[in-house]
Structures are given as structure tokens and as C-alpha cells.
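Contents: one structure, followed by commentary.
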Amino acid sequence: MDSKALRKISYGVFIVSAAANEHKAGCVINTLEQVTSSPMKLSIALNKNNDTLRVIKEAGTFSAVVLKEEVELELIKLFGFFSSRDTNKFETIPYQQDKYNNPYPVEGIVAQFSCKLCDTLDVGSHIICIGEVTDANLISDDPPLTYADYHLKKGGSTPKNAPSYQEATMGYQCTVCGYIEESENLPDDFICPVCGKDASYFRKL
Ligand SMILES: Cc1cc2nc3c(=O)[nH]c(=O)nc-3n(C[C@H](O)[C@H](O)[C@H](O)COP(=O)(O)O)c2cc1C
């Protein structure tokens, strides 16, 4: 088994979100896909530990946005490396609410969908949620961010809760956010590009 083969699978980068009982939650995912066209349905895979899954189940609906290629890395950092359990991710960013009152970020996106949760499938660490699309909005003709470009151009990393997470075998890993710098040496003045911690927070792999 060569796990590098999995890196040949293409994905986009998205933020799914919902609100229930006055609590807002949202997270970055790369696992959104259109699965049927009539009625139009999307699937998303969410880690069982993610607060966003709990809130989507409570709300029975969710919003999904497609991130654009030029999205600020800060948005991915906020939604991909912190939990809505203890961080109100919508406090510091401009957002709107869809017809179900689910909040979604308005900057750095090219499309937005509102969905009714119509099915779930337990696949072990993750739950696949099927959403029927009840609203779809094209926001911009700018190109969407691909998962490959997130890694290549933006130097992004993927935390353990993502289904596509792969354990790195060499380099230095940030013990706070999981970012991996794949290099032989780590300079003393190195700063984590994702969470901003200094070199002392890194462990050699
Ligand atoms: C590029 C990227 C892709 C990710 N893909 C997924 C995914 O498909 N499913 C998932 O459950 N988590 C994924 N994650 C991890 C979640 O975004 C992360 O665990 C988040 O902190 C969960 O926040 P929450 O507790 O507020 O839901 C991804 C993160 C990044 C940065």
C-alpha cells in the first residue's frame, strides 16, 4: 500500500456551518461533493469530535461555502484549527445568515449552498452527512481553491480530524496546531505559518 496514491485524489476546500440554540459552529472541510442532481444533494464527511457535526445534527440544516483561490489563510486557520466548542469563529469575521439562520463567511468565497440534512452514514471516525440543496448562490467567477493548491501555493497543513490527514515521517511538527515543516533543520527564529508559535513549540518527527 502506497499512501502517496491518496494524494492524487482531487478536492476543493469549503466551510460548512450551522447554528442551533444560539450557538454558531463551522469548520473547514475538503470532503464536500455533489452526489445527485435531481433532487440536488451534497455529501460532507465530518469527524465525530467536531462541534460542527453536533450543531448540524441539532439544526437539521447547514450552509456550505466554496472558498476562492485567493482566500486569506487566516480564515482557514480560524475555521480549520480551532473548535467552535470554545471559540466563536463568527465573532471576528463578516458573515451573513441563510434562510435557516445558519451563519456563513462572506469574504473569500465563490459559492454558497443551504441544505436540509436528509441522511447520515456512520463510517467510523467520521459521519457522512447528506444534504438536500434548497438554495444555491454563485457569488463570484473567481477560481475556487483546490486542496492541492492549499498545500502547494499556500503551504497549508491538514489537522488530524480531516479524513485526508496523513502522518508525516520527517520534519518538525507544531505541537499547537499540527503544522508540519518538512525540512532537515528548523531555524531558531522559525514561526509557525498557521498559528504563529515559535520554534520552541515544534517537535522533531
Ligand atoms: C484543509 C483542511 C481540510 C479539512 N477537512 C476536514 C473534513 O473533511 N472533515 C472534518 O471533519 N474535518 C476537516 N478538517 C478539520 C476541521 O476543520 C477541524 O477539526 C476544526 O477545528 C473543527 O472545528 P469545530 O470543532 O468547530 O467543528 C479540515 C481542516 C483543514 C485545514
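Small disclaimer: the values here were computed from a predicted structure and weren't measured. Counting starts at 1 for both ligands and their atoms, following the listed order.
Within ligand 1, the atoms closer than 4.0 Å to a non-hydrogen atom of L46 are 11 (O), numbered from 1 in the order shown. Counting atoms of ligand 1 from 1 in the listed order, those under 4.0 Å from a heavy atom of S84 are 24 (P), 25 (O), 26 (O).
The residue from V13, I56, I76, N30 that puts a heavy atom closest to atom 4 (C) of ligand 1 is N30. Among L145, T52, L53, V28, the residue whose heavy atom sits closest to atom 24 (P) of ligand 1 is T52. In the candidate list K89, R85, H126, K24, K89 is nearest to atom 23 (O) of ligand 1, counting heavy atoms.
Under a 3.5 Å cut-off, the side chain of S183 and the backbone N or O of N185 do form a donor-acceptor pair. Checking side-chain atoms of D98 against main-chain N and O of N101 turns up a donor-acceptor pair under 3.5 Å.
Among the atoms of N47, some N or O lies under 3.5 angstrom from an N or O of ligand 1. The N/O atoms of S83, backbone and side chain alike, include one that comes under 3.5 Å of an N/O atom in ligand 1. The shortest N/O to N/O separation between A45 and ligand 1 falls below 3.5 Å. Residue-to-ligand polar distances place F82 within reach of ligand 1: an N/O pair is separated by less than 3.5 Å. Residue N49 places no N or O, backbone or side chain, under 3.5 Å from any N or O of ligand 1.
Note on ligand 1: A25 sits outside its first shell, no heavy atom being nearer than 4.0 Å.
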Enumerate donor-acceptor pairs with a distance under 3.5 Å from any side-chain N or O in residues 14-25 to protein atoms, sequence neighbours excluded.
unit_1, atom_1, unit_2, atom_2, d
S17, OG, P103, O, 2.6
N21, ND2, E58, OE1, 2.7
H23, NE2, D51, OD2, 2.8

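Looking at heavy atoms from C-beta onward, L32 lies in side-chain contact with I29 at the 4.5 angstrom threshold. I44 places a side-chain heavy atom less than 4.5 Å from the side chain of F62.
Checked for salt-bridge contact, K48 and D122 meet the test: a charged N lies under 4.0 Å from a carboxylate O.
Scored by the salt bridge (charged side-chain N to carboxylate O under 4.0 Å, His left out) test, D142 finds K68 as partners (sequence neighbours excluded).
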